[in-house]
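Written below as structure tokens is the structure these notes are about.
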Protein chains: 2
Amino acid sequence: MTRKTVLIVDDEPAIRDMLKVALEMANFDCIEAKNAHEAQIAVTDNRPDLVLLDWMMPDVTGIELLRRWRRNEDTQYLPVIMLTAKAEEENAIRGLDVGADDYISKPFSPRELASRIKALIRRSTPIVSEELLIAGELILDPVGRLASVKGQNVSLGPTEYKMLEFFMMHPNRAYTREQLLNNVWGANVYIDERTIDVHIRRLRKALSIDGYENIIQTVRGFGYRFSEEALIKSTD
Amino acid sequence: MTRKTVLIVDDEPAIRDMLKVALEMANFDCIEAKNAHEAQIAVTDNRPDLVLLDWMMPDVTGIELLRRWRRNEDTQYLPVIMLTAKAEEENAIRGLDVGADDYISKPFSPRELASRIKALIRRSTPIVSEELLIAGELILDPVGRLASVKGQNVSLGPTEYKMLEFFMMHPNRAYTREQLLNNVWGANVYIDERTIDVHIRRLRKALSIDGYENIIQTVRGFGYRFSEEALIKSTD
DNA sequence: GATATCTGTCATGAATTTGTCACTTTGGAG
DNA sequence: CTCCAAAGTGACAAATTCATGACAGATATC
């Protein structure tokens, strides 16, 4: 089972540590951010499965951050749990309806936290990943864990599969090698960036039916992009 | 292999015809409905394996119809693909999260449509006839607690039997060893995951008549999958 | 209670996957 | 056109992951 990554956004180190300990005991990977800026970077680079967001922060309030995420297509459905100082605050924030998926007031018990997180992740992940990912006649079925081109199954190693899945969930966007590392391999891996070239090579090779290898384009000096447009050109 | 029936729900005859031609070429049986009323009748009477549902219809919107189906136990898991007029609409509808299994925007290419449908059908429904689970000539009778391949009974231990039953109820889906443990052994068992490999081995051995052992595929780095497709390949 | 069957674990060997490296090719700035 | 950095490619060894047969304890059957 894939381990889920949780991003903790809070300016108090004590709180962060507390949460981190609780979450790691519950078998989650943790990333931390102490302000809105770091949080934004962590979200785009590491794509956590869930965010614990303190609502009171020195620079931007958590609410503003959350609003921004909700407007962005990529982070629109990112599960977010708001951390509030007191229960009264919770009600006030609920009233604002900023789009958080759940609220927890400090002080919180680690057990409750873990179970709410689990419930939220369980609820949110399958909805996204049960759908077929499609680009022309390239189809990836996340449920069956199968990819096919023109009805013909392609055999992919676990890494190639994950990479293709990531690309197909975010088509037409260029990613740097570092971003790919974060998203496909996960946070905190130290792997040579050239290695990605090799995996790209392997993925292209596997997809090379009727020109489908061109669907992964190289963006010179930057990284790679999964481009549906590439299909239209060669097919049409 | 049983032929699958697809219900086309759209008020425009031109679209219906187009879809019908494409689907019949792809070897599906088609039923048509031009409004929500007809669609409801067709679903209850003919029990299609999949529904293509136009989201914009004169009387009730497709969404309302879908919501109704999802609330009904009988049609709860009926695979539904939503047809939308434009790509932009698609995103809007996704946001509503009405429970469609997939979305396709017009105009769609017949080939793409067919492959999406196949992929969706493939992974969705186990073939259940009364009390029998069927996959080609592999038949499992839960009532008699018997399994047979090509009419020949196969002898399975209790665990192998339960595993096969689970697989046949969820064909074409990849499961991790952990998921298999939870579903076949039950929650909170602490059994080495490698043990599953051994049971898979035993199950395969028992099914090894005329290539039927290949119906259980290993998904490297992930787990296993009971794949009806494996049959089609060797049989067809 | 004896016998047969089933289960979980382990050791071993085979197969696949993965990260790196060395070398070639390519794109484009100057 | 020349040259350099970036990307493509094939090969390889280490690491991971599976398949398989054997075995002893548990369970069921008669």
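Computed from heavy atoms alone, side chains included, the values below leave out hydrogens, waters and symmetry copies. Please read these numbers as outputs of a predicted model, since none were measured by experiment. In the text below, chain A, chain B and the rest are named by the order of the sequence lines, each starting its count at 1.
Ring-plane geometry between H170(B) and Y175(B) is classed as perpendicular, the angle between the planes exceeding 60 degrees on a 0 to 90 degree scale with a lower cut at 30.
Atom pair L181(A):CG and dT20(C):P shows a separation of 10 Å (rounding to whole Å applied). Note: CG (D197(A)) to P (dT20(C)) measures 12 Å, nearest angstrom. Rounded to an integer number of Å, the gap from L203(A) CG to dT18(C) P is 12 Å. As rounded to whole Å, 9 Å separates atom P of dT9(D) from atom NZ of K205(A). To the nearest angstrom, P of dA19(D) lies 13 Å from CD of E213(B). Atom CD1 in I200(A) sits roughly 16 Å away from atom P in dT20(C) (whole-Å rounding). With rounding to whole Å, M163(A) atom CE is found 14 Å from dT17(C) atom P. H199(B) has its NE2 atom 14 Å from the C1' atom of dC10(C), to the nearest Å.
Put simply, Y224(A) has no side-chain N or O that comes within less than 4.0 Å of OP1 or OP2 on dA6(D). Close to dG19(C), at under 4.0 Å from its OP1 or OP2, lies a side-chain N or O of W185(A). OP1 and OP2 of dT9(C) both lie 4.0 Å or more from every side-chain N or O belonging to R194(B). In terms of phosphate contacts, T159(B) brings a side-chain nitrogen or oxygen within less than 4.0 Å of OP1 or OP2 of dT7(C).
Taking the side chain of E160(B) as heavy atoms from C-beta on, and the options dC10(C), dT7(C), dT18(C), the nearest nucleotide is dT7(C). Looking at the side chain of P158(A), the nearest of the listed nucleotides dG10(D), dT20(C), dT18(C) is dT18(C). Listed candidates were dA7(D), dG19(C), dT9(C). Nearest to the side chain of I191(A) is dG19(C).
When each of E193(B) and L156(A) is assigned the nucleotide of DNA chain C bearing its nearest heavy atom, the one mapping closer to the 5' terminus is E193(B). Across the interface with DNA chain D, nearest-nucleotide mapping of R201(A) and V219(B) shows R201(A) to be the residue nearer the 5′ end.
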**Q.** T159(B) vs R202(B), side chain to side chain contact (heavy atoms under 4.5 Å, CB included): CA-CA, chis, key distance, verdict
**A.** CA-CA 10 Å; T159(B) 306; R202(B) 289 168 181 158; over 6 Å; no
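Proximity of a side-chain donor or acceptor of D49(B) to a complementary backbone N or O of T5(B) within less than 3.5 Å is detected. With R204(A) contributing its side chain and I216(A) its backbone, the two residues share a donor-acceptor pair below 3.5 Å.
Side chain R220(B) to base dT17(D): a donor-acceptor pair is found below 3.5 Å. You'll find a donor-acceptor pair under 3.5 Å spanning the side chain of R202(A) and the base of dG19(C), going by distance alone. Between the side chain of R204(A) and the base of dG8(D), no donor-acceptor pair under 3.5 Å is found.
Residue R177(A) is tested with N182(A), D197(A), D192(A) for a side chain to side chain donor-acceptor pair (under 3.5 Å); the sole match is D197(A).
If you check every strand for non-hydrogen atoms under 4.0 Å, T195(A) touches a base.
Proximity of Y161(A) to S155(A): side-chain heavy atoms (C-beta onward) are nowhere separated by under 4.5 Å.
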